[in-house]
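Below, chain A is the first sequence line, B the second, and so on; all start at residue 1.
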There are 4 protein chains.
Amino acid sequence: MSLNKVQLIGNVGKDPDVRYLDSGVAVATFPLATTDRGYTLANGTQVPERTEWHNIVLWRGLAETAEKYVRKGDKLYIEGKIRSRSYDDQNGVKRYVVEIFGDNMEMLSSPRQSQQAPQSAPAQPSGAQPVQQGSAAQSAPAGEMSDDLPF
Amino acid sequence: MSLNKVQLIGNVGKDPDVRYLDSGVAVATFPLATTDRGYTLANGTQVPERTEWHNIVLWRGLAETAEKYVRKGDKLYIEGKIRSRSYDDQNGVKRYVVEIFGDNMEMLSSPRQSQQAPQSAPAQPSGAQPVQQGSAAQSAPAGEMSDDLPF
Amino acid sequence: MSLNKVQLIGNVGKDPDVRYLDSGVAVATFPLATTDRGYTLANGTQVPERTEWHNIVLWRGLAETAEKYVRKGDKLYIEGKIRSRSYDDQNGVKRYVVEIFGDNMEMLSSPRQSQQAPQSAPAQPSGAQPVQQGSAAQSAPAGEMSDDLPF
Amino acid sequence: MSLNKVQLIGNVGKDPDVRYLDSGVAVATFPLATTDRGYTLANGTQVPERTEWHNIVLWRGLAETAEKYVRKGDKLYIEGKIRSRSYDDQNGVKRYVVEIFGDNMEMLSSPRQSQQAPQSAPAQPSGAQPVQQGSAAQSAPAGEMSDDLPF
DNA sequence: TTTT
DNA sequence: TTTT
């Protein structure tokens, strides 16, 4: 009775930060930028270009794929859901972050010719369809994240 | 070269708050809830149901439609984009909010039998396809919002 | 490097037709209607309302859910992919059909008060998020369908 | 009360065919391929790679953009809706085609360094957000297409 | 008829 | 902090 879906095509702001929970589950986080080009209003006002930064969080297989193949500057398609989280910052002020839990990823940049992504290893280990994460995002109990991911 | 798209189906948390900018442009804001049902992990751990609240912002025609027809409890489909914004709270602490600027809305609840949404007035003035807002969201210069929308 | 995604909200044209392959895999098919409301062109031309019929195909768990809970007239959200298929009709003419292989379904109608969908049995056995089918659609070898589904 | 949305990322099968209706409206058509990579079932069965061809139809501004900048082999993001149409073939047999009426396009290939897409002319004349076609797709009366587009 |  |  509910839908919470996000689809982004943008550029990776920096190399993924990948952690492994005690359970062995991989979690990757990185910023992704989408940019509006700016435009001119009917009255002549110039509205400048605007970049939106999204906090991407990937789990398990997708996180491992990101660790191997996603790099700063890459163009990605990410599909997932919006999730907000709060934490207390160093001054005890409650802070909120909004994250995109990705369950589907498409690498849109040309594959690199490197030791990281050798020709013989597919950048996407799964099917021709975008990498489907199955129930990975759902499999991580909220508790596991508590202190592990001060994004 | 960029895509920033959100699609939600959820329930309206309270009646829309509608304002009119000096330019006459309508802006509606309201919270929308999407809910994950909760599930049981392979190891037996119960992950409880979880509700995500989204700050919806609608402009112009969509805002006016919302003012007329959207009410607390209604089920809606909202399509739009993610937009974050910062402001200084009453303590001078910089705060961030993430909003969903909707450019497409579908009313999924049965129409009310009321003075607000009379049978003779369609809940959706535009086409059979979801209400397309055209360039409305883009037409509002950033400046206009500065102090008008302390969401 | 590829995305093939369809999202529909529409009404079920008739009760699902559910078959079980020899492997025990359930396959449900039914038509879903989406409707454009019609509009008036700038030059005054009236473009009438238009209904599009989609051939929905569901597999495994989703097919079983459809068998139990989906009925003619219901409003559904369906997410999936486009798939075309050809067959020879009774006159030996090659025919093409386009189907929507759903991998996600949301029931948007109020639940029926009936023996078919008792209060105690949730219409959607899976998570709060839309019913994710995992890799079910991919798990059915093309061959299995050959003569089984003259849609 | 209805949603009919398609999102594709794929490769253009051949240069767009662009026609101009008597009204001056541009219509571009071209095939777009999305490819499933193939996979191995649990029982060891190999399901081969599979390519789906989509008949893309663009109107007005998007058609003109396609005429100028879209070429065989390009990778595109296309958003639009499914529309089916019937016609009688040369043998008087009724045929059906399913087309994707695009209302949003993103060019994902690196821009060509050519006379067709000079550096000084942006591949996307509109905003930073995907090229929004406004109501173009809705503005073409069905009648106009009758014999004009034997796709 | 594309692409990896 | 990306990209065009």
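D:Arg71 places its CZ atom 15 Å from the P atom of E:dT3, with the value rounded to the nearest Å. Atom pair D:Leu108:CG and F:dT2:P shows a separation of 21 Å (rounding to whole Å applied). Between A:Lys72 atom NZ and F:dT3 atom P the separation is 7 Å, expressed in whole Å. Regarding D:Met107, its CE atom lies at a distance of 20 Å from the P atom of F:dT3, rounded to whole Å. Distance OH (D:Tyr77) to C1' (F:dT4): 19 Å, rounded to an integer number of Å. What separates CD of A:Glu52 from P of F:dT4 is a distance of 19 Å, to the nearest Å. The distance from atom CG of D:Asp74 to atom C1' of E:dT1 is 14 Å, rounded to the nearest whole Å. Distance CD1 (A:Ile100) to C1' (F:dT2): 16 Å, rounded to an integer number of Å.
The closest side-chain donor-acceptor pair between D:Asn55 and D:Glu99, if any, does not fall under 3.5 angstrom. Side-chain contact, A:Ser84 with B:Glu52: a donor N or O sits under 3.5 Å from an acceptor N or O.
We find that the ring of A:Trp53 and the base of F:dT1 stack, their centres lying under 5.5 angstrom apart and their planes tilted less than 30°.
In this view, D:Asn43 and D:Thr45 satisfy the side chain to side chain donor-acceptor pair (under 3.5 Å) rule, not counting sequence neighbours. Partners of A:Asp17 according to the salt bridge (Lys or Arg N to Asp or Glu O under 4.0 Å) rule, which considers only residues two or more places apart in sequence or in another chain, are A:Arg19. For D:Gln46, the side chain to side chain donor-acceptor pair (under 3.5 Å) test picks out D:Thr40, with sequence neighbours left out.
With C:Asn4 contributing its side chain and C:Ile82 its backbone, the two residues share a donor-acceptor pair below 3.5 Å.
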Please report, to 0.1 Å, the donor-acceptor pairs under 3.5 Å made by any side chain of residues 91-98 of chain C, with sequence neighbours excluded.
from: C:Arg95; atom 1: NE; to: C:Asp89; atom 2: OD2; distance (Å): 3.0
from: C:Arg95; atom 1: NH1; to: D:Lys94; atom 2: O; distance (Å): 2.6

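Counting distance only, with no hydrogens placed and no angle test, the side-chain atoms of D:Thr51 and the base atoms of E:dT2 include a donor-acceptor pair under 3.5 Å.
Contacts between residues 9-16 of chain D and DNA chain E, defined by a heavy-atom separation under 4.0 Å, are made by D:Asn11, D:Val12, D:Gly13.
Within the structure, every side-chain polar atom (N or O) of D:Lys75 is placed at least 4.0 Å from both OP1 and OP2 of E:dT3.
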